[in-house]
K.L.:
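I have a structure I would like to understand better, so I am pasting it below and will then ask my questions one at a time.
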Amino acid sequence: MRIATWNVNSAKQRLPRLLPWLEERRPDVVCLQETKLSDAAFFDLFMGPLTQLGYEVAHHGQGGFNGVALLSRVGLVDVEHNFPGQPDYLGATESRAISATCAGVRIHSLYVPNGRDVASDHYAYKLEWLDALAEAVAAGPADVALCGDMNVAPADADVFDPAAYVGHTHVTGPERARIAAFGLVDVVRARWPEPERVFSYWDYRAGMFHQDLGMRIDLVLASQPVADRVAAAWVDRAARKGKLPSDHAPVIVDLDEAPDGDIGPVVPPPSNPRRGARTRLPQSRD
DNA sequence: ATGGTTGGCTACCAA
């Protein structure tokens, strides 16, 4: 099963890139963030083409800002908007979280608050939001993956220059402590150990992508039973290239089939190659 | 030039 997560920075603007990308990468489960659309607008634009591609679709949006979605062709059940205890901002619940069970895994598509500035109320909101999420996830199923724009670089190796971020959000101790406190496996970092530099976001400004001055803030955090099934985990850097890209690249994670557990002897597969076998890691180094 | 871009929305704010 292939899971992908992508902050698209406006699903409407990304439509001409998103559909060909789905056909190329063929993810089974897709988590989208920053759709910036109402549910009605998302369904108007995407329901036809996504159904054509075989996806069930769930969207939680408010129009203009935020907005998250889940697409799946391996089942999409028990869809939940927001999470229990999710804090409000300025008196409103923002559309930053949606979850569903897909092929037995509880998948969360998350757009964590940016935090803006360490002195701002948005930063306090970010920390509260992550605390509440940890509590909700701990009370949920054991097979879980948090996917999305976490707006935290977990370690210094996840920013192009730690010195450039001193005093800024995304790299502070309290933010990193929240990511660690989930007690989950950062599956891309597990596959690309330090000091490998793997970024998922490059600011639009100042030619940052061209110079590879980025951050790794889009994460897939998986519980151990799910992490044990990871066959490949990488950032699809190619999707950040070319005309009118998002400022984020997708993260792609391939899982082997779930072990059958104690439901009896495993039936040997037929002679054709097993689906879900290890894929190569196509990330280029240009 | 003291973010140089992009996107939402239409005067700026957010990232």
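Throughout, a chain's letter reflects where its sequence line sits, starting with A, and its residues are numbered from 1.
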K.L.:
Heavy atom of residues 9-17 of chain A under 4.0 Å from DNA chain B: which residues?
P.N.:
N9(A), S10(A), Q13(A), R14(A)
K.L.:
Taking it one step at a time, do R237(A) and D212(A) satisfy salt bridge (Lys or Arg N to Asp or Glu O under 4.0 Å)?
P.N.:
CA-CA 10 Å; R237(A) 198 173 177 283; D212(A) 198 29; 3.7 Å; yes
K.L.:
What orientation do F83(A) and W129(A) show, parallel under 30°, tilted 30 to 60°, or perpendicular over 60°?
P.N.:
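It falls in the perpendicular class, over 60°.
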K.L.:
Can you check the distance between dC9(B) and dA14(B), where both ends of the measurement are the P atom (answer in whole Å)?
P.N.:
14 Å
K.L.:
Once you measure the plane-to-plane angle for F42(A) and F46(A), does it fall in the parallel (<30°), tilted (30-60°) or perpendicular (>60°) bin?
P.N.:
parallel
K.L.:
Between R2(A) and D254(A), is the closest basic N to carboxylate O distance under 4.0 Å?
P.N.:
yes
K.L.:
5'-most contact on DNA chain B: L244(A) or D203(A), nearest heavy atom basis?
P.N.:
D203(A)
K.L.:
Reading DNA chain B in the 5' to 3' direction, which nucleotide is the first one with an atom under 4.0 Å from a heavy atom of chain A, and which is the last?
P.N.:
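The contact span of chain A on DNA chain B goes from dG3(B) to dA15(B).
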K.L.:
For the residue pair L18(A) and L15(A), establish whether any side-chain heavy-atom pair is separated by less than 4.5 Å.
P.N.:
no
K.L.:
Pick the closest DNA chain B nucleotide for N114(A) and for G207(A) by heavy atoms, then say which residue is nearer the 5' end.
P.N.:
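Final value for this comparison: G207(A).
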K.L.:
For the rings on H170(A) and Y165(A), is their centre-to-centre separation under 6.0 Å?
P.N.:
no
K.L.:
What's the spacing between E135(A) CD and L130(A) CG if we round to 0.5 Å?
P.N.:
13.0 Å
K.L.:
Represent DNA chain B in dot-bracket notation, 5' to 3'. Only Watson-Crick or G-U wobble pairs with both distances under 3.5 Å count; pseudoknot-style crossings use [ ] and interstrand partners use |.
P.N.:
....((((...))))
K.L.:
Using a cut-off of 6.0 Å, state whether more than 12 heavy atoms not belonging to Q211(A) lie near its atom CD.
P.N.:
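Yes.
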K.L.:
Taking NZ, NE, NH1 and NH2 as the nitrogens, is one of them in D236(A) or R25(A) under 4.0 Å from a carboxylate oxygen of the other?
P.N.:
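Between R25(A) and D236(A) there is a salt bridge, with a charged N closer than 4.0 Å to a carboxylate O.
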K.L.:
Reckon Y201(A) touches a base, only the sugar-phosphate, or nothing at all at heavy-atom distances under 4.0 Å?
P.N.:
nothing
K.L.:
Before we go on, tell me: are the rings of W234(A) and W192(A) under 6.0 Å apart, centre to centre?
P.N.:
no
K.L.:
Please give the distance between the P atoms of dT2(B) and dA11(B) as a whole number of Å.
P.N.:
25 Å
K.L.:
Using the P atom in both, what is the distance from dA1(B) to dC12(B), to the nearest Å?
P.N.:
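Each nucleotide's P atom is 25 Å from the other's.
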K.L.:
Less than 6.0 angstrom from the centroid, inside 45 degrees of the normal: does R240(A) satisfy that with respect to the ring of F209(A)?
P.N.:
yes
